[in-house]
Amino acid sequence: MFKKILIANRGEIALRVICACKELGIRTVAVYSEADRYSLHVRFADEAVCIGPPRSSESYLNVASIISAAEITGAEAIHPGYGFLAESSYFADVCEASNLTFIGPKPDVISLMGDKNRARARMAELGLPVLPGSEVIPSEEVALQEAERIGYPVMVKAAAGGGGRGMRIVQSAEELPHLLQTARNEAASSFGTPDVYLEKYVTSPRHIEFQILGDQHGRVVHLGERECTIQRRHQKLVEESPSTQIDRETRLRVGHQIVQALQEVGYTSAGTVELLMDENRNLCFLEMNTRIQVEHPVTEMVTGLDLVKQQILIAAGGHVPFEGETLGLRGHSIECRICAENPQTFAPSAGKVTVFHEPGGTGVRVDTAAYAESVIPPYYDSLIAKLIVHGQDRKEAISRMSRALEMFIIEGISTSVPVQRKIMADPDFQAGNFDTHFLRRFARDGENSS
Ligand code: MV4
């Protein structure tokens, strides 16, 4: 087992990794930017190294500084968390070349799944259903032909994309040339390549994802699904497990297909397969994320597993400790992502948290790096806490979340808590009746979130 791990991240996920390391008896090294000197990950790690100025590009994305910090402190492995360098095959490569274990999948698997078009083709070849779509689009002419073949509406997606950036919905041939160009521009500036492809657009889908674990001995298991449909501007606000839309039979069948495919790919570590469920409840592969995700706690609550510990054990050569089919799921879990945001513009709202009181009690978990008097810097994402509940069933989980939201006091900055209280009180949410457009009805001033 590793004696010392460096955590190449900040905020709640850096703390989450520190918790797992402490329980495994592994020493930890935090890295931090000048804006994070007083952050809890710095305080709770055994050692901490300042790696640069506040801007991510000069600190948490600075590969040379992070590798140096690992070498100076004698860390043997690096946990990347999510975001930043978590899905960089380049970073994973540099770690291996520097004799550091990257806690995640192998660089070639990260690279396969990072190319959304290649990933889709490979998964289709391995028997997973995918939506009708095109190869990378070489010209406007081909785009028009391909869109005609697929049938409108289609979606233009960035080949190197994910998470909703560089995506455009196209309703007709007239709109295509313009939207193709804007998607290309956004793809180029966000992901460094203007490559895009087309996919049949599903108008009112649900977004369901399967959690996977694979070890280095060829075993892959799935840990059931998460429902992540409640989003605003591609920012997930509520996640839950299990999904009301997936019955036992479907979970077994789809889970088995995914496991078979990822065994072929040689998938190791934790990963998530994103699926889209259409109006007829058909599930299609969308993309795979090769990292631990923000919403992993809902899976932990219903499986009783510690996914970050599993990542570390697998990276050290351990076995996934059970057969997938035998894993029982218990009860129901919901997570609310509490974001620091301006309630009018939804822009991230930075500043000082003056009062911070987190809820507790039976079945309540809070993952956060915030505390009273802590400062939310403007340089990073707006997530300040994850409120997770577990209940015997969905009804109990919802009422537990409602009371926990009531008992969460955060002053000094505005947060997403009011909208999450509204969601929990909504009869359609309570009935499991929603799609990706659910939050449009909460829009105050004609918000045109797509
Ligand atoms: C789609 C889609 C409909 N059709 N692809 C959004 C995040 C990214 N990982 C994939 N996403 C989607 N891809 C096809 N072919 C719908 C979404 C989607 C979505 C789209 C608009 C508004 C909210 C959304 C929430 C979840 C998924």
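The basis for the numbers below is simple: all heavy atoms, side chains too, and nothing from hydrogens, waters or symmetry mates. Just so you know, ligand 1 is whichever comes first in the structure, and atom 1 is the first atom listed for that ligand.
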Can you list the ligand 1 atoms lying under 4.0 Å from a non-hydrogen atom of [X]?
X      : value
Leu276 : 1 (C), 2 (C), 3 (C), 4 (N), 5 (N), 14 (C)
Lys200 : 4 (N), 14 (C), 15 (N)
His207 : 26 (C), 27 (C)
Glu274 : 9 (N)

**Item:** Residue among Ser416, Ser414, Pro348, Ser349 satisfying side chain to side chain contact (heavy atoms under 4.5 Å, CB included) with Cys339
**Value:** Ser416
**Item:** Neighbour count >12 (heavy atoms, 6.0 Å) for atom CZ, Arg441
**Value:**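 Correct, the count exceeds 12.
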**Request:** For Glu249, look at atom CD and say whether over 12 heavy atoms of other residues, nucleotides or ligands are found less than 6.0 Å away.
**Result:** yes
Any nitrogen or oxygen of [X] lying under 3.5 Å from a nitrogen or oxygen in ligand 1? Just yes or no.
X      : value
Met155 : no
His234 : no
Gln231 : no

**Message:** Is Lys157 close enough to touch ligand 1? Criterion: a residue heavy atom under 4.0 Å from a ligand atom.
**Reply:**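 Flag set, Lys157 near ligand 1.
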**Asked** Does Ile169 approach ligand 1 within less than 4.0 angstrom via side chain, backbone, both or neither, non-hydrogen atoms only?
**Response**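 Neither part.
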**Message:** For Thr229, which part has a heavy atom under 4.0 Å from ligand 1: side chain, backbone, both, or neither?
**Reply:**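 It is neither part, as no heavy atom is under 4.0 Å.
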**Message:** Does this structure show an ion pair linking Arg337 with Glu295, if we count only N-O contacts that are shorter than 4.0 Å?
**Reply:** yes
**Asked** Who are the salt bridge (charged side-chain N to carboxylate O under 4.0 Å, His left out) partners of Asp306, not counting sequence neighbours?
**Response** Arg16
